Structures are given as C-alpha cells and as structure tokens.
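Have a look at the structure below, then the notes.
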Amino acid sequence: MSAVDLLQLSVLIPLLAAAGIGLTGKHQNLRESVSLIAGTLLFASVCNLYPVIMAGQVVELMWLEVLPGLALAFRVEPLGLLFALVASGLWIVTTLYAIGYMRGHGEQNQTRFFAFFAISIAAVMGIAFAENLFTLFVFYEILTLCTYPLVTHAGTDKAREGGRVYLGILLGTSVAFFLVAIIATWLLAGTLSFQPGGVFSGDTPAGLLSLLLVLYVFGVGKAAIMPFHRWLPAAMVAPTPVSALLHAVAVVKAGVFVLLKVCLLIFGLETLREIPATQWLLYLAGASILLAAIVAMRQENLKKRLAYSTVSQLGYITLGALLATSAGITGSAMHIVMHAFGKITLFFCAGAILVAAHKTEVGQLRGLGRRMPITMGAFLVASLCIIGIPPTGGTWSKWYLLLGTLEAGELGLMALLMVSSLLSIGYLLPIPLRAFFSDALPADTGDTSVAVREAPWPSLLALGITATGCVLLLIYPDIIYQLIKAGI
C-alpha cells in the first residue's frame, strides 16, 4: 500500500467507522468492536507513515480544487504526523475506557456517542494533515460541530447551556477572528499553503503582521487562551470520555497544534521574533498559565479543577510556540504529547471514581486510595506528568520550555513557569496523597465503604495503559524528539 493510500485511509477510516457504528447500533458488542478495530487500523496506518516521512519523502493528496490555488488538500509533515499519532493512539484507549464507563454508568444514546466520537477523530486527522489553511479551517469547524452533540450528550438543561457556551465561543472566535486572518493571509501572501519559513515576504508591514498574529491567537478558540477559555469549564457537563476527548485527544490539542503550525509554517520563526505583538502575546500566555492555575486551586469539583488545569497547561504550549526559538518549539510540541497522556489519565481516573464511588468533589476523596489503589495510583503518576517531574515524560517538555525561555532571554517567563509548576503541585498532588494517607470521611466508613471497588475492567485497563505511557515517555522520548526536529 502506497503512502498516499495510507494518508487517504487516515481520514476515511474514522468516517467509515461512524457509518459502521450506526449500522451495528442495536448490537452493543459488535458496535464497540467496530470502534476498537477502526482505531487499531487508523493507528497502524499513521504509524506506517512514520518511516516514509523520516526518510524525507513527500506525501500529498488533493481531494477538491475549489478555486485556482485554493484546494481541499492534504500533506503529511512531521508535526502533523506527531499529532495524528497521539490522537489515533489515544482513540483506541479512550474507546476502551468509554466501553466500561458508558456501561457502568448506564448512559443513554451510546450509539450516537461512539458515532460522533469517530467523526471527531476524522476531523482531527484532517487538521493534522491539512496542506493549507483552507483545509485546516474546514476540518476545524467540522470538529466544533461534531463535538457539540457529545458535550450536550446528557440532554439536561445544564448540558444544553454548556453546549451553547461551547458552540458560541468556538464558532464566534473562528468566524470573527480566525476566518478573517485566513482571508487576510490569502490577500497578502497569495497562498494558504503551509511553507517552512513562512509565507510572508520581507516587505510585509510589521504592524499588519502583528494584527494577523493577534487574530490567529484569539481566533483559535480551541487553544483556550484567556479570555476565550470559558467554553472549556462549561463543557465539563459532558460524560468523562467526552472530557477526555476535549482535553487530550482532539479539541484543545487541535487548538494548540493549529497555533504551533501557524507560528512555524505561516509566519516562520524569524518573522515571529520581529513582530511587535509577539512580546505582549507571550505575556498574555504567561498570564493565562498563572491565573488558570490559581483558579484551579480554588475548585472543589474534580473535573472543574482538571479543566482549569488544562487552560493553564495549554498556555505552556502557546508560550513555547510564541518564544520563536528551537527549544521553545520543541518544548511546545513535546508538551502536546506529554499533556495528552497525563490529562487523559486524570480524566479517566475522575470518571472511574464517579462510576465506582459516585464522588465528584475533591474533599470526598480522602481515604479512597485504600479502596481504589489502581485508580489513585494512576492519578498520582499522571499528576507528576502534568507537573513535569520524574519518573514521567512531562519532565522533557517542561525542560525544553525552560530552555526556550533562556534562549529567548525571557527570564521573567522562566520564573513564571517555575511558579506555575509549584501551583500545579498544590492543586494536584494533595488529591492522591490524601486518598492514600488520610482517613476516610465519616460518611464513607462502615458497611457502605465495602461496596466501593475499582471501576469496570475496560476503564481500569485504559487508565493503566495511559499511566504507563506517562512513564515510558520519560524513557523513550526519541521518536517524538526526532519527529519534532524534522519539522522545525
């Protein structure tokens, strides 16, 4: 099978899976088998592209030419391949987790859930392999629309309200800012294709480029930069597998990936360093990191605490991209992977606690580690990954981000990253430590505590896999590092 066929399959497999899920919806085991098989085939297809790209081959595919020079087209480049590897691999694990969660929690409309999940992954593949901004924008909007039914899955008034905030902010920012930036890029550069070194000529006014950069940063609402972050906590009304999709597999990772790709392949690092707006956008990203971490510390609801943690951690990726240095880009791209594994594990654990112990508040988790040791052990490992300390892969991304601030001469931002890491210790580590070393609350003692066990085995297996991944990423970061270096 040729590399072009593999590229084509990477976009089509999730769409075919969605159709298969719909056809087999009445047969639960068959429907979920379709999801798992499709995820495995997609991951295999993306993995087979790795040696091709590392050998320096060009893999391109055009679906449709809308206007001369404006096409729905795909091209595999190293950073896109990295994003596709993460998303396709975690699709398998999230599907496995969702099987245990959706059954254990007795969720309704499970066929619709798995079908839209598959369509979301197809949109992610389109974003990862987009050859130009037009293609990227089309799949970016598809991702917004096909995740809306997942956010509002519960069908309650609260879910619908969360969905309205979700849709309003993401569509509003993309139409008001992102689309305007794309049109302006087309008029200025005459192309929307991603190019190493950027697309703008040297005589493009710096003020105009500053305005464009601001439009891109605020237009990509999925990156959740303050003040356009409210959709993320609002979307926490969704089932936990959807939260995992939003925070680790697809939505927010699509946002920061788009920003990274725009900085690297639309502006170029040299141009980015010379734009006046870059400096204050760096400080905005730093403020987003710090403020979201402070807000996270004050959240008693576990999923909301994790949501604001995500807002903070996304700021790391945006900051790394805007540093416009080799180390900054490396740290930013690595943090996409490290945060994906760490945060998906945390949400898996939150869902497992809800299904097995029916607890949602941080204060209710004292002593729970003795009854759910695997879940809380995984929570501890994932917390270390988000904080960025051994024995987890988050160590590498935080290290390169710190090097990036040194390379750019931004010592203030370096200090900010260190302070935010201390804050992440404050809002994450006490949860597993109290779960293992504190006595259970009085309401949890007695006969009721005997009934609390670990979550269903598919969910437990999934969180075990991702927690193990957090550790393995410390030991084997080379595949990720080589892809990033090939893309810079």
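Note that the structure is predicted; figures quoted are calculated from it, not measured.
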Going through the distances and angles, do W280 and V214 end up as a side-chain contact (heavy atoms from CB on, under 4.5 Å)? CA-CA 10 Å; W280 72 264; V214 171; 3.6 Å; yes
Go through the steps to decide whether L401 and T405 satisfy the test side-chain contact (heavy atoms from CB on, under 4.5 Å), and finish with yes or no. CA-CA 6 Å; L401 286 169; T405 58; 6.0 Å; no
Give a yes or no answer on whether the side chain of T395 reaches the backbone of P391 with a donor-acceptor pair at less than 3.5 Å. no
All heavy atoms of Y427 vs all of A293, minimum pair found to be CD2-O, 3.7 Å
Compare all side-chain heavy atoms of V311 with those of I225 and state whether any distance is below 4.5 angstrom. no
Residue of the set S420, S332, S397 for which side-chain hydrogen bond (donor to acceptor under 3.5 Å, both in side chains) holds with Y316: S420
Is any side-chain heavy atom of M226 closer than 4.5 Å to a side-chain heavy atom of L291? yes
Short side-chain to backbone donor-acceptor contact, T278 and E274, under 3.5 Å: no
With a 4.5 Å limit on heavy-atom distance, are the side chains of I484 and P78 in contact? no
Mind running ring-ring contact (aromatic ring centres under 6.0 Å, His included) on Y166 and Y148 for me, showing each step along the way? CA-CA 8 Å; Y166 177 82; Y148 173 75; 7.3 Å; no
Short side-chain to backbone donor-acceptor contact, E410 and L323, under 3.5 Å: no
Do you see a donor-acceptor pair shorter than 3.5 Å between the side chains of S309 and K343? yes
Has R112 got more than 12 heavy atoms of other residues, nucleotides or ligands less than 6.0 Å from its CZ? yes
4.5 Å side-chain heavy-atom contact, T345 and F379: no
Apply ring-ring contact (aromatic ring centres under 6.0 Å, His included) to the pair F178 and Y140, showing each step before the final yes or no. CA-CA 10 Å; F178 193 19; Y140 181 93; 5.3 Å; yes
For the residue pair L36 and L96, what are the closest heavy atoms and their distance? CD2-N, 4.0 Å
Could you tell me whether the side chain of T135 and the main chain of A130 form a donor-acceptor pair under 3.5 Å? no
Determine whether a donor-acceptor pair (N or O, by modelled atom type, separation under 3.5 Å) exists between the side chain of W396 and the backbone of P477. no
salt_bridge(R371, E454) N-O dist < 4.0 Å: no
Flag, side chain of T325 to backbone of G328, donor-acceptor distance under 3.5 Å: yes
For F177 versus L215, what's the shortest heavy-atom pair and its separation? CB-O, 3.5 Å
Heavy-atom closest pair, residues S421 and I387: OG-O, 3.8 Å
Using side-chain contact (heavy atoms from CB on, under 4.5 Å), reason through W91 and F43 one step at a time and then give a plain yes or no. CA-CA 9 Å; W91 183 28; F43 186 60; over 6 Å; no
Beyond-backbone contact of T144 with K222, side-chain heavy atoms, under 4.5 angstrom: yes
Answer yes or no: is there a side-chain heavy-atom contact under 4.5 Å between I169 and R230? yes
Any pair with a residue in residues 150-174 that passes salt bridge (charged side-chain N to carboxylate O under 4.0 Å, His left out), sequence neighbours left out, goes on the list, sorted by first then second residue, please. D157-R160
Contact between T360 and L302 at the side-chain level, heavy atoms closer than 4.5 Å - yes or no? no
On a heavy-atom basis, which atom in A350 and which in K303 lie closest, and how many Å separate them? CB-CG, 4.4 Å
Before giving the answer on side-chain hydrogen bond (donor to acceptor under 3.5 Å, both in side chains), spell out for S174 and E141 the whole-Å C-alpha distance, their side-chain angles and the decisive distance to 0.1 Å. CA-CA 8 Å; S174 63; E141 295 305 298; 3.0 Å; yes
Distance-only side-chain donor-acceptor flag, E361 / Q299, under 3.5 Å: no
Between Y97 and F348, is there a donor-acceptor pair closer than 3.5 Å when you use the side chain of the first and the backbone of the second? yes
Given H335, which of V256, L260, I317 fulfils the side-chain contact (heavy atoms from CB on, under 4.5 Å) condition? I317
Using 0.5 Å steps for rounding, measure from the CG atom of L460 to the CD1 atom of I374. 4.5 Å
Does any N or O in the side chain of T318 come within less than 3.5 Å of the main-chain N or O of G315, such that one atom is a donor and the other an acceptor? no
Could you tell me whether the side chain of K398 and the main chain of I386 form a donor-acceptor pair under 3.5 Å? yes
Do side-chain atoms of T375 reach the backbone of M372 as a donor and acceptor pair under 3.5 angstrom? no
Please report the C-alpha distance between H339 and K253 in whole Å, then the side-chain angles of each, then the deciding distance to 0.1 Å, and finally whether the side-chain contact (heavy atoms from CB on, under 4.5 Å) criterion is met. CA-CA 9 Å; H339 179 262; K253 292 303 180 296; 2.6 Å; yes
Any idea which heavy atoms bring S10 and L42 closest together, and the distance? O-CD1, 3.2 Å
